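Worksheet: one structure, shown below.
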2 protein chains.
Amino acid sequence: MGKEEAGVGAPRTRRARATLRDVAEAAGTSRSTASRALGGHGYVAEHIKKRVREAADRLGYVPDASARTLKGSSSGLVGLLVSDLRNQFYAELAAGVEHTLSAAGYQVVLADDHGDEHMAQNGARAFLAMRADGVLLAPVGRAATELLVEHETPVVEVDRRSGVRGCDAVAIDSEHGARAAVEHLIALGHREIAVVIDETKWETGKGRVRGYRAALRAAGLPASRRHVLDLGLTPSDHQEELARFLDRATGVTAVFAANNVVAELVWQELKRRGSGVPERCSVVSFDDLGWMRMVEPGITAVRQPVFEMGSRGAELLLERVGNGGRRRSTEVLRPELVVRGSTAAPKH
Amino acid sequence: MGKEEAGVGAPRTRRARATLRDVAEAAGTSRSTASRALGGHGYVAEHIKKRVREAADRLGYVPDASARTLKGSSSGLVGLLVSDLRNQFYAELAAGVEHTLSAAGYQVVLADDHGDEHMAQNGARAFLAMRADGVLLAPVGRAATELLVEHETPVVEVDRRSGVRGCDAVAIDSEHGARAAVEHLIALGHREIAVVIDETKWETGKGRVRGYRAALRAAGLPASRRHVLDLGLTPSDHQEELARFLDRATGVTAVFAANNVVAELVWQELKRRGSGVPERCSVVSFDDLGWMRMVEPGITAVRQPVFEMGSRGAELLLERVGNGGRRRSTEVLRPELVVRGSTAAPKH
DNA sequence: CTGTTAGCGCATTCAG
DNA sequence: CTGAATGCGCTAACAG
């Protein structure tokens, strides 16, 4: 008795998983014919094709992706690395990426580095191991991007630019957005404007400070270092630090919060100390989240097309996958100022 | 000239990708020895091991995951299917899942079905194809779960239960939470309490309505159908529908919003029509999001341990992966009522 | 139009 | 302790 007979008649000895071989046998053809019939390439007689398809259905056949990847040149996988999925910004980014990629038939492998460069590298290595066709990164450093680029994996950096050559990027025009926000405050009559931010080492943060400074300069206002608070990314006593900053910042009539995280902090602190917004202090945020139109008064904010940025990044990546030789491009998306109630002319 | 020589001295003709064979050759050993040296199994002389490791580093060798999967019995991949990543609830769920899984060395493959059962099935098929070691689902129907379970892929349903046998589940005790919310309103003196919800076909929605009814019943209050608004999940004129509902709902002094989506809708509509919260209408939400403590007054809400639910689901899955024979379990997490300013005694 | 052959990269027998 | 041989499941040449 050959081993093929094993289990015949045995109660429910389910075959672990139907393979192309099983389908071919059931349909009475060779494996390659079955492959062609299912894959739709090459010539296969119509009636055979039908027979194979039926056999495949009957057996619940699902082609093995690993085998395909091993054999072929594409894994159908794209890596996505974000800094913090709990932050709505990244969640929306991920949604945009997923949307475009899944529509194109790719699977998204998600990794969250929690802002840690070491974890980012681990993620990159994993993407490499699974032969990801491409990777989207919101990097925390150069290392992950470099590793990937060295191994000739197409990379698109999203929202941040590490400066590594050989990758595409899509980002928001931080400088422009910040400048628009601060110009709006200046137009209302504010003269002493504070900026609160949590990182200034990447292009994103740098750009926002540049935009802030540019607006002041253009209006002939002095840029005091006392008006800049960089909280840093390491989670610490940010609330308290902000409180002390505001205590010291006498004369300040408006605050520019450089992203949604610090905007939340600023809003809470201002509310806590009963500084009326906008009567005693105007607030404008870079990044427009749902809650900002839910609170009273609504928060004036620079709206970034975050979902679109993710989906555009994915498109850029797909182009690269289709045509590796294309020259690298950086796409810059324009944000837009949405004026709500949190900004008004200063009382004095 | 053998093809091995091709490219020698040529400017930067990088080998596509170093394989174990390349490492073995560079180290002057056989492939199997190299495999053992890197994998850490079996006996390999210390100095050889070192030599292999160095060669691997030098070549930037990254083991091929597809080959491993094909050869071995585990892919190291876990599928995660959510309904809408833009919804903070699912984003946080995903964060919890990713956290636990990546710590255990697994990669997370993310799919978003946008509440469409057909896309859910596609996702499930993709997970099957890549031999996911397990899958976490927030299903929109039975089909995806059934497909996976038939193919003996461990499944954990999160936040929802399709009723399919053979899978684990972790969920929030909706009935308990809803009851606590409504009892809180009753204790404040409310007699006519409306509930707004967007689905009542799954256990989650059903449980919330049950909890609502149970609280009324326990207090001897009548449960009028006029006080229940089920908006349905299909995106339509929800805002308008809600407005009409509130117009008709004379006598209602409090609204129970059954999840974060409808809570936002209710809050906006109440604000729009200037119905003071809580003076003219109290509001309590099932699901506590960041904005609910940012608005004035803060929204009383049933807080669900969402991140924890994701991470607990992942743990359950890992147990199953380690021990497929374990009997299936459903874990129920208790939510907690957080009282804020949006609920108060009715004026009249 | 169909079947035979070969090999993707790896880990695992089994002999030495 | 090491190496040669084998096969995971699939597809792409190549002959028939």
Side-chain angles (χ1 to χ4, degrees), chain A residues 3-4 15-53 55-56 59-77 126 128-133 151, chain B residues 3 15-53 55-56 59-77 125-126 128-133 151:
Chain A
K3 73 174 178 203
E4 299 301 327
R15 255 187 316 293
R17 185 189 168 104
T19 132
L20 193 55
R21 177 197 205 104
D22 301 326
V23 175
E25 277 173 10
T29 72
S30 74
R31 283 176 269 162
S32 31
T33 302
S35 172
R36 281 188 298 253
L38 263 22
H41 346 285
Y43 299 104
V44 176
E46 213 33 69
H47 66 285
I48 301 260
K49 200 179 279 187
K50 194 176 154 220
R51 201 141 42 99
V52 173
R53 288 218 178 105
L59 296 175
Y61 170 70
V62 181
D64 186 315
S66 332
R68 274 199 175 145
T69 302
L70 193 56
K71 176 75 182 165
S73 57
S74 159
S75 64
L77 262 29
L128 237 33
M130 62 182 62
R131 290 191 178 203
D133 292 335
H151 286 257
Chain B
K3 71 174 180 208
R15 256 188 316 294
R17 185 192 170 101
T19 128
L20 194 54
R21 177 196 205 106
D22 300 326
V23 176
E25 275 172 10
T29 71
S30 72
R31 285 176 264 162
S32 26
T33 302
S35 172
R36 280 190 297 253
L38 295 170
H41 349 282
Y43 299 105
V44 176
E46 212 35 68
H47 66 283
I48 302 259
K49 200 179 280 188
K50 193 177 154 219
R51 200 141 42 99
V52 173
R53 288 217 177 106
L59 296 174
Y61 170 70
V62 181
D64 187 313
S66 332
R68 274 199 173 143
T69 302
L70 193 56
K71 178 74 183 166
S73 57
S74 159
S75 64
L77 261 30
R125 235 186 307 273
L128 237 33
M130 62 182 62
R131 290 190 178 204
D133 292 335
H151 285 257

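Labels below follow one simple rule: chain letters A, B, ... track the order of the sequence lines, proteins then strands, and each chain is numbered from 1. Please read these numbers as outputs of a predicted model, since none were measured by experiment.
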Using atom types as modelled, flag every donor-acceptor pair under 3.5 Å from a side chain in residues 65-72 of chain A to any protein atom, sequence neighbours excluded.
| unit_1 | atom_1 | unit_2 | atom_2 | d |
| --- | --- | --- | --- | --- |
| A:Ser66 | OG | A:Asp64 | OD1 | 3.0 |
| A:Thr69 | OG1 | A:Ala65 | O | 2.9 |

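- Counting only residues at least two apart or on different chains, no salt bridge (charged side-chain N to carboxylate O under 4.0 Å, His left out) pair has a member in residues 29-41 of chain A.
- B:Ala34 meets the side chain to side chain contact (heavy atoms under 4.5 Å, CB included) test with B:Leu20, B:Ala24, B:Thr29, B:Val52; sequence neighbours excluded.
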Produce the list of close N/O pairs, under 3.5 Å, pairing protein atoms with atoms of nucleotides 7-9 of chain C; give distances to one decimal.
| unit_1 | atom_1 | unit_2 | atom_2 | d |
| --- | --- | --- | --- | --- |
| C:dG7 | N2 | A:Lys71 | NZ | 2.9 |
| C:dG9 | N2 | B:Ala67 | O | 3.4 |

Tabulate atom names and distances for all N/O pairs under 3.5 angstrom spanning the protein and nucleotides 2-5 of chain D.
| unit_1 | atom_1 | unit_2 | atom_2 | d |
| --- | --- | --- | --- | --- |
| D:dT2 | OP2 | B:Ala45 | N | 2.6 |
| D:dG3 | OP2 | B:Ser30 | N | 3.2 |
| D:dG3 | OP2 | B:Ser30 | OG | 3.3 |
| D:dG3 | OP2 | B:Thr33 | OG1 | 2.7 |
| D:dG3 | N7 | B:Arg36 | NH2 | 3.1 |
| D:dG3 | O6 | B:Arg36 | NH1 | 3.2 |
| D:dA4 | N7 | B:Ser32 | OG | 3.4 |
| D:dA4 | N6 | B:Ser32 | OG | 3.2 |

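- Rounded to whole Å, the distance from CG on A:Leu38 to P on D:dC10 is 9 Å.
- Under the side-chain hydrogen bond (donor to acceptor under 3.5 Å, both in side chains) criterion, B:Ser32 pairs with B:Ser30, sequence neighbours left out.
- From one end of the helix from C:dC1-D:dG16 to C:dG16-D:dC1 to the other, with five pairs defining each end axis, the axis direction shifts by 50° (rounded to 10°).
- Applying the side chain to side chain contact (heavy atoms under 4.5 Å, CB included) criterion to A:Ala126, with sequence neighbours excluded, gives B:Gln107.
- Between A:Glu25 and A:Arg21, at least one side-chain N (NZ, or NE/NH1/NH2) sits under 4.0 Å from a carboxylate O, which counts as a salt bridge.
- The two residues A:Thr19 and A:Tyr61 have their closest heavy-atom pair at C-CE1, 3.6 Å.
- Every residue meeting the side chain to side chain contact (heavy atoms under 4.5 Å, CB included) condition with A:Ser74, not counting sequence neighbours, appears here in chain and number order: A:Asp133.
- Remark: B:Ser35 OG to B:His41 NE2 distance equals 5.5 Å, nearest 0.5 Å.
- The structure places CG of A:Leu128 at 5.0 Å from NE2 of A:His151, a figure rounded to the nearest 0.5 Å.
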